[in-house]
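Here is how names work: the chains are called A, B, and so on, in the same order as the sequence lines, proteins then strands, and each is numbered from 1.
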There are 2 protein chains.
Amino acid sequence: MPTPTAARQQSLREQNLALVARAVFDAPRPPSRAAVAHHTGLTRATVSSLVDLLVRAGIVAELAPRAPKSAGRPAVPLVAAPRTIVGLGLELNVDYVAGRVVDLAGTTVAEAVQPGDFHDTDPTAALGLVGQLARALVTDVEAQGMRVAGARLALPGLVDVRHDRLQVAPNLGWSTLDPLPLLGLPDDVPAHVANEANLAGLAQLRPARTVGTVDTVDTAHDDAPGPGTSSYLYVSGDVGIGAAIVVDGELWLGRHGWGGEIGHVVVDPAGTRCRCGATGCLEQSAGKAALLRAAGLPSSSTADDLARAADDGDPRALAALASAGLALGTVLAGTINLLDLDTVLLGGIYAVLADHLVPTVRAELDARVLASPWAPVGVRTAPVSDYAATTGGAQDVLRAVVESPSALVEEARA
Amino acid sequence: MPTPTAARQQSLREQNLALVARAVFDAPRPPSRAAVAHHTGLTRATVSSLVDLLVRAGIVAELAPRAPKSAGRPAVPLVAAPRTIVGLGLELNVDYVAGRVVDLAGTTVAEAVQPGDFHDTDPTAALGLVGQLARALVTDVEAQGMRVAGARLALPGLVDVRHDRLQVAPNLGWSTLDPLPLLGLPDDVPAHVANEANLAGLAQLRPARTVGTVDTVDTAHDDAPGPGTSSYLYVSGDVGIGAAIVVDGELWLGRHGWGGEIGHVVVDPAGTRCRCGATGCLEQSAGKAALLRAAGLPSSSTADDLARAADDGDPRALAALASAGLALGTVLAGTINLLDLDTVLLGGIYAVLADHLVPTVRAELDARVLASPWAPVGVRTAPVSDYAATTGGAQDVLRAVVESPSALVEEARA
DNA sequence: CCGTTTATGTTTAACGGAACAACTAATAGG
DNA sequence: CCTATTAGTTGTTCCGTTAAACATAAACGG
């Protein structure tokens, strides 16, 4: 929701700074100032002036000129500045806490994971642990001269993004909680809370090009949603089932940030009772627990165990996956009928089980989506999977930086 | 999606013109230039200059100064200009064609309805009839000195808004069709096609204050969604079931404009076969035909007949409504879980049957919406009902005018 | 009755930012 | 070495907003 407010000269700067930054960030290869000018419609003069500001603010960096291949003055390639401004993504989930620091180039510059079992534990202790991990990451990267522009804490539950409050997290057994103060983050790191599946969905937008602490050659992901498909539905299966609705690169949050609770969409009104109090929720048909139970596996098994059983031809495993795929496909079809999205990305345990689920899901979508004859819905495995919410959280911080660079630009000028 | 483009000085004008126009249009009472300045954050000088342009373009009008009650120079009240720029909403439905002309003040200045049965008729003839009706309306209001800024044609089917094409309209028996050329509208009236339920949903945003061709005293609707609830889900029941997802006053269209097809969301995968080819669609549980059949009424009956039967205590009618309400509530709950909206408006036959449906729907929402303990979902009757899509279409035209007034402003200056 | 107060609306100069055009820079190719 | 070509910079102009002074029109209060 673009807050309708008075547009001043400064707004032009703001908007054009963001425009230029996006042009540099989204270009397939490092563009010159002239290329940016051509792409944005701004004049070369204006672009030069804006790029200078972005460079001084540490948002954009110049590369050494490439050996020129054609006539004319060689261009100065521009890239997203590496290791200057970074975002911090944090995640507290049922069986681990994790943090990841990502820079503007999309590189993970630091990360930390700590396994645990946080079901029914004390929120103060668990969030204190996240805070400890986060502070360690912050001091680490700040010692390397980077600046942490903000933090996002991903939680598996209903999160009121307006007030940064957790309403309820059934899988943690928590409710009504203000998590941020418990983290003890430095005051100059503005933090927000978000839903885990939402942030994980956001991470799919720009699959990291380089991973690790050393810059390496770009390894473009093949099955990454390329530019143009910046609208999709990301579905993440685990204990619960969450989703992210991403439209034109922006997350759908709804009025409070409670959007995407696909796990509690009804499959069968007469179905089994769900922890949420209702009956026949998707979670009861295609959640991890339901899957393992139907496959006859112990509840401590992993999605990999189930995948192996299915690969080995275990009939119960295959039946469980067929049934879950049907339920998932039914709900996805309804969602697509409502929202007219053209791509579904499967994440979490569904990414692991994709081989067995995708055919069923795809068939169900083809049969039930009214518009599928004219625009078939694509079903793919999500390109980013491990601790995706931390990546998404960090990227969300950086997105905010790129969308309104003037704060940093102003600061750099002083 | 705000197309990211270079911001020039002119963009400031554009944006601030729209800002001022909205401020005038949305104010509870005619505001002065100073009030607009205060509300928008612009200076009085800038507002004056912008208002002058809007007045000259025929978008805003000055009223005679009210007798002042307090000290200071009396204010000049500003209002949306009546009877200058108007929008034309057209609708072709199964049993009628209709057209409505609405001005910027929200007043219907001309309308025409012609009953008929267009099921399985020739599209060329039916659309020709709409065109005839439309041209008559245009010449009528143009003779009165008004200017038709554009037209919207509402159709009950899948409409590709990008290409103004009708993909399929099951209830009309039509498919793959470019309707606009068949209307024969004047070239200076830019027209677009849209889904009927989508436009009807848009009409709920600003219930018309005055109806008829003579300006009368404002009759504010009590159950109108006041300002602040410009986000809601509108559901329209008829032969088919359509919906409009309205967020912050804007319609959710999806990638192609096929959003809101709630009628084909699955209620019961094992249910009866639907015309769309799938099974157990909501339309088969809560559509008009299903309702009448379950109530034991002839298929030619109206919603009013059913309402009367229920009022009289007819057990079959009551059972039919209970069952439909359950199905509707289930699907709405899933929708709210996905989208986190806080209001549902019932339109079409559901408005007529509201007394019998609302309790069931509300109970289902309370039980199945995960977030309902923290933000109960409101269920209300849609304030605009008769030929709502024509009103919504006309308003959509005018919305476009207000959002980018510079075209008209430029023209007025020449 | 007339100055004072108060609020509305208009005029003026100044400022900030983008466009435009002319310029310099750096290279390939003949 | 000269020309064509492309990249980036510099100074000017134009445009829209702001800020502040000014004009206008009423109520208020002696």
Between [X] and [Y], does any side-chain donor sit less than 3.5 Å from a side-chain acceptor?
{"X": "A/Arg147", "Y": "A/Thr84", "answer": "no"}
{"X": "A/Gln395", "Y": "A/Arg206", "answer": "no"}
{"X": "B/Asp160", "Y": "B/His256", "answer": "no"}
{"X": "A/Ser49", "Y": "A/Thr46", "answer": "no"}

Could you list, one pair per line, each protein nitrogen or oxygen that sits under 3.5 Å from a nitrogen or oxygen of nucleotides 25-30 of chain D, together with the distance?
unit_1	atom_1	unit_2	atom_2	d
D/dA25	N3	B/Arg73	N	3.2

For B/Val47, answer base if it contacts any base atom (sugar-phosphate contacts may also be present), sugar-phosphate if it contacts only those atoms, and nothing otherwise; contact means non-hydrogen atoms under 4.0 Å.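 Here B/Val47 touches no strand at all.
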Any [X] side-chain N or O less than 4.0 Å from OP1/OP2 of [N]:
{"X": "B/Arg8", "N": "C/dA19", "result": "yes"}
{"X": "B/Ser32", "N": "C/dG9", "result": "yes"}
{"X": "A/Asn16", "N": "C/dA18", "result": "yes"}
{"X": "B/Thr46", "N": "D/dT17", "result": "no"}

Can you tell me the distance, in whole Å, between the [atom1] atom of [X] and the [atom2] atom of [N]?
{"X": "A/Glu410", "N": "C/dG16", "atom1": "CD", "atom2": "P", "result": "11 Å"}
{"X": "A/Leu50", "N": "D/dG8", "atom1": "CG", "atom2": "C1'", "result": "14 Å"}
{"X": "A/Asp52", "N": "C/dG17", "atom1": "CG", "atom2": "P", "result": "14 Å"}
{"X": "B/His38", "N": "D/dT18", "atom1": "NE2", "atom2": "P", "result": "15 Å"}

If you find the nucleotide of DNA chain D closest to A/Ala6 and the one closest to A/Ser49, which residue's nucleotide is nearer the 5' end?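 Closer to the 5' end of DNA chain D: A/Ser49.
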Would you say A/Ser11's side chain and A/Arg8's backbone share a donor-acceptor pair under 3.5 angstrom?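 Side chain of A/Ser11 to backbone of A/Arg8, a donor-acceptor pair under 3.5 Å: yes, one is there.
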Is the backbone of B/His38 close enough, under 3.5 Å, to the side chain of B/Arg44 for a donor and an acceptor to pair up by distance?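 No; zero donor-acceptor contacts below 3.5 Å.
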Under 3.5 Å, is there an N or O donor on one side and an acceptor on the other linking the side chain of A/Arg33 and the base of D/dG8?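 For A/Arg33, whose side chain was compared with the base of D/dG8, there is no donor-acceptor pair (under 3.5 Å).
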Should B/Asp103 and B/Arg83 be marked as a salt bridge (charged side-chain N to carboxylate O under 4.0 Å, His left out) after you check the CA-CA gap, both sets of side-chain angles, and the distance that decides it? CA-CA 6 Å; B/Asp103 73 1; B/Arg83 307 180 148 267; 5.3 Å; no
Check nucleotides 10-15 of chain D against the protein and report each pair of N or O atoms closer than 3.5 Å, with its distance, or say if there are none.
unit_1	atom_1	unit_2	atom_2	d
D/dC15	O2	B/Gln9	NE2	2.4

Would you mind telling me which of A/Asp52, A/Leu19, A/Leu42, A/Leu78 makes a side-chain contact (heavy atoms from CB on, under 4.5 Å) with A/Val47?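 Of the listed residues A/Asp52, A/Leu19, A/Leu42, A/Leu78, the side-chain contact (heavy atoms from CB on, under 4.5 Å) partner of A/Val47 is A/Leu42.
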A/Val76 and A/Leu63: CA distance, side-chain angles, deciding distance, side chain to side chain contact (heavy atoms under 4.5 Å, CB included) verdict: CA-CA 7 Å; A/Val76 178; A/Leu63 290 183; over 6 Å; no
